[in-house]
Amino acid sequence: MSERHPILITGAAGHIGGVSRTIVDMLLDQGHPVRAFVRQDDDRAQALRQAGAEVFVGDLLTIADVTAALKGVRRIYFSMSLSPYYTDAVSLMAAAARAQGDIEVFVNMSEYEQSFMTFEKMTAPAEERRAWLGGLVANWSPQQRAHWVAERVLEWSGLPTVNIRAAIFVENPLMTWLALAPLSKGELRLPFGHHRFAPIAVTTWQRRARRSWPTRRRTSRSPTSSPVRN
């Protein structure tokens, strides 16, 4: 194994489409050392240890924990469940990574809407926004706003950043167990109206995310954004 610095994976015990845990397993299978950041030392943390990951128990909203978790790390994969403190957590991780100064890549789990709900679009007159977005919507949702701010924070940080803008995951409860009842009647009912969606499987996403890990130290500090479609 040529690379000895652990890759930090946040949300490793969560269920954001199963992404973080799937990334952990994928990297371990490929021989990479992984440090899994978890909130609680519970059965899920123990399962990560048994899989071969180093487990760090801490709080993404505590700068001392975040800084300690980054020691020896060169590559970061950041994801977090829906939270009113999402931008706080991204900002703290970016600040700690910038202070450490030797981060090769910060892979940020963003969202697909950031590809088209741009600053220019979202600052147009309200009627234009409604006509463009459809329906009564004229502004970002709180989570869309949080992701937009998070991407700007990472852009301003100067860290080498990759924003992964994934669509809805096939593993989302809307596509799995919430759909089981109508599926038993030969129907698939989804709450998307007439909008078009292209759900993506975690395994497809992880292949794209894997290409974000550089094989050598990156010199570019310009953030890149990677929309992921099916």
Side-chain angles (χ1 to χ4, degrees), residues 1-14 16 19-42 44-49 51-81 83 85-110 146-147 149-164 206 209-226:
M1 183 164 49
S2 59
E3 185 237 309
R4 302 306 309 169
H5 299 290
I7 299 172
L8 181 66
I9 310 291
T10 71
I16 311 173
V19 176
S20 287
R21 178 56 202 264
T22 303
I23 290 289
V24 169
D25 292 338
M26 176 195 70
L27 291 172
L28 289 173
D29 287 345
Q30 295 175 351
H32 295 283
V34 171
R35 181 175 296 158
F37 195 120
V38 301
R39 183 72 177 85
Q40 297 178 334
D41 195 350
D42 53 17
R44 294 171 299 174
Q46 185 57 31
L48 287 163
R49 291 189 184 95
E54 173 193 354
V55 172
F56 182 93
V57 181
D59 186 347
L60 287 172
L61 297 175
T62 300
I63 189 64
D65 290 352
V66 173
T67 301
L70 280 175
K71 290 188 182 302
V73 166
R74 299 292 181 272
R75 306 173 187 182
I76 304 165
Y77 164 72
F78 184 92
S79 72
M80 186 180 183
S81 300
S83 169
Y85 304 109
Y86 185 90
T87 53
D88 298 55
V90 173
S91 300
L92 291 174
M93 183 67 72
R98 182 180 170 87
Q100 182 165 299
D102 55 5
I103 299 301
E104 295 177 0
V105 65
F106 190 124
V107 178
N108 174 47
M109 177 63 172
S110 189
H147 278 291
V149 173
E151 288 196 12
R152 301 292 76 73
V153 167
L154 292 170
E155 176 184 344
W156 299 332
S157 74
L159 294 167
T161 302
V162 177
N163 295 306
I164 300 291
Q206 69 179 228
R210 176 65 183 88
R211 293 200 293 270
S212 300
W213 307 123
T215 55
R216 58 185 179 181
R217 185 173 179 80
R218 293 176 53 168
T219 57
S220 173
R221 293 294 182 180
S222 300
T224 61
S225 297
S226 179

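These numbers come from the heavy atoms of this one structure, side chains and all, not from hydrogens, waters or symmetry mates.
Closest approach of L28 and A53 over heavy atoms only: CD1-N, 3.9 Å. Considering all non-hydrogen atoms of both residues, Y86 and S81 come closest at CD1-O, 4.2 Å. Counting all heavy atoms, side chain and backbone alike, V153 lies closest to A94 at CG1-CB, 4.3 Å. Scanning both residues, P6 and G72, for their nearest heavy atoms gives CD-O, 3.4 Å. Heavy-atom minimum distance, A97 versus I76: CB-CD1, 4.0 Å.
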*For I103 and R75, what are the C-alpha separation, side-chain angles and deciding distance, and is it a side chain to side chain contact (heavy atoms under 4.5 Å, CB included)?*
CA-CA 6 Å; I103 299 301; R75 306 173 187 182; over 6 Å; no
*asked:* Applying side chain to side chain contact (heavy atoms under 4.5 Å, CB included) to V66 and D59, what does each step give before you reach the verdict?
replied: CA-CA 7 Å; V66 173; D59 186 347; over 6 Å; no
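With rounding to the nearest 0.5 angstrom, the CG atom of L154 is 12.0 Å from the CZ atom of R98. Taking NE2 of H5 as the start and NZ of K71 as the end, the distance is 14.5 Å to the nearest 0.5 Å. The CG atom of L61 lies 10.5 Å from the CE atom of M93; values are rounded to the nearest 0.5 Å. Interatomic distance, OG1 of T22 versus CD1 of I9, reported as 11.0 Å (0.5 Å rounding). Atom-to-atom distance recorded for H32:NE2 and I23:CD1 is 11.0 Å, nearest 0.5 angstrom. Atom CZ in F37 sits 12.0 Å away from atom OG in S20 (nearest 0.5 Å).
Here the side chains of F78 and M109 are not in contact, with every heavy-atom distance at 4.5 Å or above. In this structure the side chain of L70 never reaches within 4.5 angstrom of the side chain of T67, judged on heavy atoms. Between L60 and D65, every side-chain heavy-atom pair lies at or beyond the 4.5 Å cut-off. Looking only at side-chain heavy atoms (C-beta outward), L48 and R21 come within less than 4.5 Å of each other. You'll find the side chain of R74 reaches within 4.5 Å of the side chain of Q100, heavy atoms only. Counting only heavy atoms from C-beta outward, the side chains of F56 and V38 never approach each other to under 4.5 Å. Looking only at side-chain heavy atoms (C-beta outward), T87 and H147 stay at 4.5 Å or farther from each other. For the pair D41/R49, a side-chain contact is recorded, criterion being any heavy-atom separation below 4.5 Å from C-beta on.
With 3.5 Å as the limit, one finds no donor-acceptor pair spanning the side chains of E155 and T161.
For R152, the CZ atom is densely surrounded, since the number of other residues' heavy atoms within 6.0 Å is greater than 12.
Checked by atom type and distance alone, the side chain of R35 never pairs as donor or acceptor with a backbone atom of L8 at under 3.5 Å. T62 places no side-chain N or O within 3.5 Å of a backbone atom of A64 that could act as its donor or acceptor partner.
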